[in-house]
Amino acid sequence: MRRRVFGIIRKEFIHIFRDVRTLLILIAMPIMMIVLYGYAITLDIRNIAFAVIDNANTAQSRELIDRFAENDFFILNEGAYTAQDVDRLFAERTVSFVLVFGKDFQHEIIERGSADLQLLIDASDSNVGTYINNYATEIINKYNTSINRVLPMAFTVEPRILYNPSLESSLFFVPGLVALILMLISALLTSITISREKETGTMEQILVSPVRPIEILIGKVVPYIALGLFNAAMILVFAKILFAIPFQGSLWLLFLLTLVYVFTALAFGLMISTVAPNQMAAMLMTLMATILPTIMLSGFIFPIASMPDILQYISTVIPATHYLKIIRGILLKGVGLESLYLPAIILTAIGVFLVAVASKRFNTTLEG
Amino acid sequence: MSLPVTVSGFSKSYGEVQAVKELSMDVSPGELFGLIGPDGAGKTTTMRTLVTLLRADSGKISIGDYDAETHVREIRSIVGYMPQRFSLYPDLSIDQNLNFFADLFNVPKDEIPKRKERLYRFSRLEEFADRLAGRLSGGMKQKLALSCTLIHDPSVLVLDEPTTGVDPVSRNEFWNILAELKQQGVTIIVSTPYMDEALKCDRVSIMHNGAVLAAGKPDELTDLHEPQLFELITGDIVSTTHILSAEPDVISVQGFGDSVHIAVAPDISSDSLESTVSASLQREVTLKQITPTLEDVFIHLVNEGSRDDG
């Protein structure tokens, strides 16, 4: 038993190190993915252009405009516009919102104690629209209270934002990316390694030996666990350097649980390889079966709690769902095994189940 | 230890296609047994079932005391099998390929150097031990493949067209190795498309359409050729074949290089044929009676088989 497993492991390592090109792809691809996706996928909203139609042109209107212009989120388009320009500004996407001051802005404040201010928002992107509305309202409210201290508020809210104080969405996405990339690469590795042997005919050669399915599977998984962990370490280093992801919790724990996740992903690849007739099919099946579910249903972007029930059930069998809890928990919150044992156990169970299925399905004959 | 191989009433089909029907053969311990037959005759199916890679639909196959149906792992550990399309790992060296198969078959660690030395001796691959298998010539690849098949000292060797596409010198060398293995008592079952190789077997089975047409020692098989056989050397094989095929007495005409072999029913005299051909070609020709070769028998049987089918 041990002889045969070690024999296969040794052979796989020779394959890995002999094929430098593939090895480079394995190393370069995750880095490329994390850089590309890390910068492309962001919910942070910055540099939103806005224009002002300042019919009042008073100290107060200018002060409010300054409040809008002086933060990172909004950029003032300095042009002088009138009400007729609004449609064109939105149509040409020059700005995303327009502030309109009435001619009697100051007069009304002094006479009536209150004035109307118009905020026109381009909500063709509903997320951005909502964001502008919230943020603009907040700026205006603050300005309001600063110039009008007559009415004290009954209570005020002092939010304290934990784990991601500056609310950077990369802190949320990058751990998800780690999960996605590891899943994809690991599953690809094992699904291809077995289907390649089927395709070139070497599998026929292995099968006529007294080797057991489980021995082949273990022999195939072990070398790629090492490779997968190396990949994981590299991705995390890049995540740390490029996106300043904090490492709050225990690195050892993260490493251990990442090992479990890589194992599960490899087992998934094994299962695909027992079905796929050749490398091409294995690759396509792996891409289909890993990318979409991992992105859509694992909580990578969309919160699981707001999904329909049926999708919530599905999400529990997706390994990334559990790994996301682990990696976000450890990296951002610094939690320990005492809060992560459940996802860790589920992940292990999924992995063991997949290996069992693969081993059961693994055909040691050439019968279709 | 030499083991016999017994196949009785073996049938196998792939869906609608019956690949082998009711095949039986007995290979004695230490025998060099040949399977010859055209593509699609069922040779590969038979061999794969022998080594438990396929399951028989019906019939019984046994190697020594082991039944192919129930003793899969035992059979796999005593049989060496070289598929038609033997694939080595091109990115592993000769030495690494051998080591891998030694591990796979659980060859005792201290035995490995001795085994390798022996295999290197007859394959003469030792000086290339560190060369990648992908960079070997066709003949060397076949020898390495055979070496990998032999690393666990199998009692029975099953070789599916091992020399197809290999140069004549390497082929000859390969068969010398087989002769040596036979002397050591290994039972060998080999399929081949080459008649000269079939002659080197102790016995052969001629297969066609999933059935054995004839089996026996190569020189006995030639007795199965009932018609008389004549050889005719002409400059124009195409028209000669054409003329002869039209003759009612001619059973078959087969081109062999620059001559044709003409099979004629036993009681017919060659004189009339001679004059017909001479007249058509407008020159004198002589038919020479010859003893049938294994190839003639093979073609004769296959043709007869096809006629029976059709």
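Chain identifiers are assigned alphabetically (A, B, ...) following the order of the sequence lines, protein sequences preceding nucleic acid strands; residue numbering begins at 1 within each chain.
Rounding to the nearest 0.5 angstrom, the gap separating the OG1 atom in A:Thr365 from the CZ atom in B:Arg55 is 7.0 Å. Note that CG of B:Leu92 and OG1 of A:Thr202 are 10.5 Å apart. Values are rounded to the nearest 0.5 Å.
Counting heavy-atom neighbours within 6.0 Å of B:Tyr14 OH, excluding the residue itself, gives a total above 12. Enclosure of atom CE in A:Met283 is not indicated, since only 12 or fewer non-hydrogen atoms of other residues, nucleotides or ligands lie within 6.0 angstrom. Residue-environment remark: NZ (A:Lys240) exceeds the threshold of 12 foreign heavy atoms within 6.0 Å. Counting non-hydrogen atoms of other residues, nucleotides and ligands closer than 6.0 Å to CZ of A:Phe362 gives a total above 12.
Counting all heavy atoms, side chain and backbone alike, A:Leu207 lies closest to B:Arg76 at O-NH1, 2.9 Å. Shortest non-hydrogen contact noted between B:Leu104 and A:Arg4 is O-CD, 3.0 Å. Scanning both residues, A:Gly7 and B:Phe100, for their nearest heavy atoms gives O-CD1, 3.6 Å. Here the shortest heavy-atom pairing between B:Ala102 and A:Arg3 reads O-NH2, 3.3 Å.
Contact annotation for B:Phe101: only side-chain heavy atoms (C-beta onward) come within less than 4.5 Å of a heavy atom of chain A. Proximity to chain A (any heavy atom under 4.5 Å) is shown, for B:Ser77, by both the backbone and the side chain.
No side-chain heavy atom of B:Val79 sits under 4.5 Å from any side-chain heavy atom of A:Val208. The side-chain heavy atoms of B:Asp91 and A:Phe17, taken from C-beta on, include no pair separated by under 4.5 Å. Side-chain contact between A:Arg212 and B:Arg73 is present, with at least one heavy-atom pair separated by less than 4.5 Å. Contact of the A:Lys11 side chain with the B:Asp103 side chain is not registered, since no non-hydrogen atoms from C-beta on lie closer than 4.5 Å.
For the side-chain hydrogen bond (donor to acceptor under 3.5 Å, both in side chains) test with B:Tyr89, the passing option among A:His15, A:Arg18, A:Glu197, A:Gln205 is A:Glu197; the others fail.
Put simply, of A:Thr364, A:Val211, A:Val5, the one with the most heavy-atom pairs under 4.5 Å next to chain B is A:Thr364.
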Next on the checklist: Run the side chain to side chain contact (heavy atoms under 4.5 Å, CB included) test on A:Glu204 and B:Arg48 for me, step by step, so that the C-alpha distance in whole Å, both residues' side-chain angles and the decisive distance to 0.1 Å come before the verdict.
Outcome noted: CA-CA 10 Å; A:Glu204 189 173 351; B:Arg48 282 181 168 172; 3.1 Å; yes
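For A:Leu259, the side-chain contact (heavy atoms from CB on, under 4.5 Å) partners at least two apart in sequence or on another chain are A:Ile225, A:Leu229. In this structure, the side-chain contact (heavy atoms from CB on, under 4.5 Å) partners of A:Val222, at least two apart in sequence or on a different chain, are A:Ile9, A:Ile218.
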Taking only distance into account, with no hydrogens and no angle test, what donor-acceptor pairs under 3.5 Å do side-chain atoms of residues 126-133 of chain B form with protein atoms, sequence neighbours excluded?
none

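For residues 146-156 of chain B, heavy-atom neighbours of chain A at less than 4.5 Å comprise no residues at all.
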